[in-house]
Structures are given as C-alpha cells and as structure tokens.
Amino acid sequence: MPSEKILEEKKKAVAALAEQLKAAHTGVLADYRGITVADDTQLRRELRESGSSYKVIKNTLLSRALKEAGIDGLDPVLKGDTALAVSADDYVAPARILNKYAEGSKTFTLKGGFIDGKAAGPDEIKLLATLPSKEVLLAQVLRGLNGPITGFVTVLNGTLKGLVVALNAIAEKEKKSA
C-alpha cells in the first residue's frame, strides 16, 4: 500500500493536470513508442514554440484527471505508452504538429484527444490537423466579407464615372451650340 505522502502527491498531480485540461481548447493523445530522443526533443521544441505543452503521463493519472475535468470517452485509448499535448491558445497546433510527426513515423500514432471538453477520435484529430491556422482562417473570413464591399464600391465608381462622362458630353454639346 502506498504511503500517504505519495498518495497526496499523486492527488496534487491529478488536480493540476485536471486544471490544465479544463483550461485547454484541445488535447491530443499519442502512442509515443519508437520515438528517438532527438525527435522527441524537436517535437517538444515545436510544441513549446506553438504555445502547447507536451508530456508523457501515466494512463491511470490521466484517466483520473480527465474524469475530474469532465472529459468522458477517452478511457478505451488509455493503454500502452501515452503522451499528451494540450493547448489553451491554439485549437490546431498540437494536432497539426503531432499528426505531421505521426505521418512520418511507423510507430508513433495518434490515439485520439479532445476538443473543447468533448472526446475526439484519431480521425477527428487528423481532420483538425488539416485545418489552417487561426490567422489564415480570419484572413479568409475578412476576404469573404471584403468581397461584396469591394464589388459595391466598383459598381458605384462605374456609375459615377458614367455620370461624369454624360455631364461632360452635355457640357461639350452646350459649348458647341453656344
């Protein structure tokens, strides 16, 4: 039987992880078997630069933290080696970075994850990874909103130009007749 001190430390670790999971927009679970130290270091660096955190965690602690955070449906994938990447800032970054690595690896695989507190399977995480970044999506929305306005200004400009040409023609005609 574990000592009270160890149990308290584990409870604190679960509570801290549960708070991190509650604050996160997305989380991605991966089976990290077969990853080299150099690749793991590079992967951690990319995730840190994107504002995501990445850690290898025991399945029992993660299961309890997920339950405490109110995220259900991921217990079936909590088998074997598990790494967790979470982000409170960017929905896409952890999925994109881990999926990119998984596509080039024979042993590193995505197990699933969560999006805004709802469990997601590996296919949903891969789909999330293909989405453009937040900045690109905002640019696309703004371009879509700007299109009709630009068209309206062009039409008005053409109408005004036609009016000026017509008035100019009338003025020239008046000059000639006078």
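- Judged by distance alone, with hydrogens and angles left aside, the side-chain atoms of Lys111 form a donor-acceptor pair with the main-chain N or O of Lys79 at under 3.5 Å.
- Glu103 and Asn99 share a donor-acceptor pair across their side chains, judged by distance under 3.5 Å alone.
- No donor-acceptor contact under 3.5 angstrom links the side chains of Arg143 and Gln140, judged on distance only.
- Taking both residues in full, the closest heavy atoms of Ile71 and Gly117 are given as CG1-O, 3.8 Å, listed atom of the first, atom of the second, then distance.
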Residues Lys118, Asp116; criterion salt bridge (charged side-chain N to carboxylate O under 4.0 Å, His left out); working and verdict: CA-CA 6 Å; Lys118 305 282 187 270; Asp116 283 333; over 6 Å; no
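- Remark: side-chain polar atoms of Asp89 are not paired, donor with acceptor, to backbone N or O of Ser52 under 3.5 angstrom.
- Tracing side-chain contacts under 4.5 Å through hydrophobic residues (I, L, V, M, F, W, Y), one reaches Leu17 starting from Leu74; they form part of the same cluster.
- Each of Val28, Ile97, Leu47, Val86 was checked for a side-chain contact (heavy atoms from CB on, under 4.5 Å) with Tyr54, and the lone residue meeting it is Leu47.
- With values rounded to the nearest 0.5 angstrom, Leu62 atom CG is found 5.5 Å from Ile57 atom CD1.
- With rounding to the nearest 0.5 Å, the separation of OG in Ser3 from CD1 in Ile6 is 3.5 Å.
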Working for side chain to side chain contact (heavy atoms under 4.5 Å, CB included), residues Glu68 and Arg64: CA-CA 6 Å; Glu68 198 172 306; Arg64 289 188 175 136; over 6 Å; no
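- Here CG of Leu110 is found 10.5 Å from CG of Leu128. Values are rounded to the nearest 0.5 Å.
- For the atom pair Leu29 CG and Ile125 CD1, the distance stands at 8.0 Å (nearest 0.5 Å).
- Ala69 and Ala18 get closest at one heavy-atom pair: CB-O, 3.8 Å.
- Side-chain heavy atoms closer than 4.5 Å link hydrophobic residues (I, L, V, M, F, W, Y) into clusters, and following such links, possibly through other members, connects Val56 to Ile35.
- Minimum heavy-atom separation, Leu66 to Leu78: CD1-CD1, 4.1 Å.
- The nearest pair of heavy atoms linking Asp75 to Ser63 is OD1-OG, 2.9 Å.
- Rounded to the nearest 0.5 angstrom, Lys55 NZ and Arg44 CZ are separated by 10.0 Å.
- No donor-acceptor distance shorter than 3.5 angstrom exists from the side chain of Ser105 to the backbone of Ala102, with no hydrogens or angles considered.
- Between the side chain of Thr41 and the main chain of Val37, a donor-acceptor pair closer than 3.5 Å is present.
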Audit row: Asp39, Thr36, side chain to side chain donor-acceptor pair (under 3.5 Å) steps and yes/no: CA-CA 5 Å; Asp39 288 343; Thr36 65; 3.2 Å; yes
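- Ring to ring, Phe108 and Tyr101 are close: their centroids are under 6.0 angstrom apart.
- Under the 3.5 Å distance criterion, the side-chain polar atoms of Thr26 are matched with a main-chain donor or acceptor of Tyr91.
- Under the 3.5 Å distance criterion, the side-chain polar atoms of His25 are matched with a main-chain donor or acceptor of Ala88.
- Taking every heavy atom of both residues into account, Ser87 and Gly51 meet most closely at OG-O, 4.1 Å.
- Smallest separation of non-hydrogen atoms from Ile115 and Ala120: CD1-CB, 4.1 Å.
- Residue Asp31 holds its CG atom at 4.5 Å from OG1 of Thr109, rounded to the nearest 0.5 Å.
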Test log, rule salt bridge (charged side-chain N to carboxylate O under 4.0 Å, His left out), inputs Glu19 and Lys22: CA-CA 5 Å; Glu19 288 304 312; Lys22 286 177 188 175; 3.6 Å; yes
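- Each of Leu43, Asp40, Asp81, Leu84 was scored for a side-chain contact (heavy atoms from CB on, under 4.5 Å) with Tyr32, with one residue passing: Asp81.
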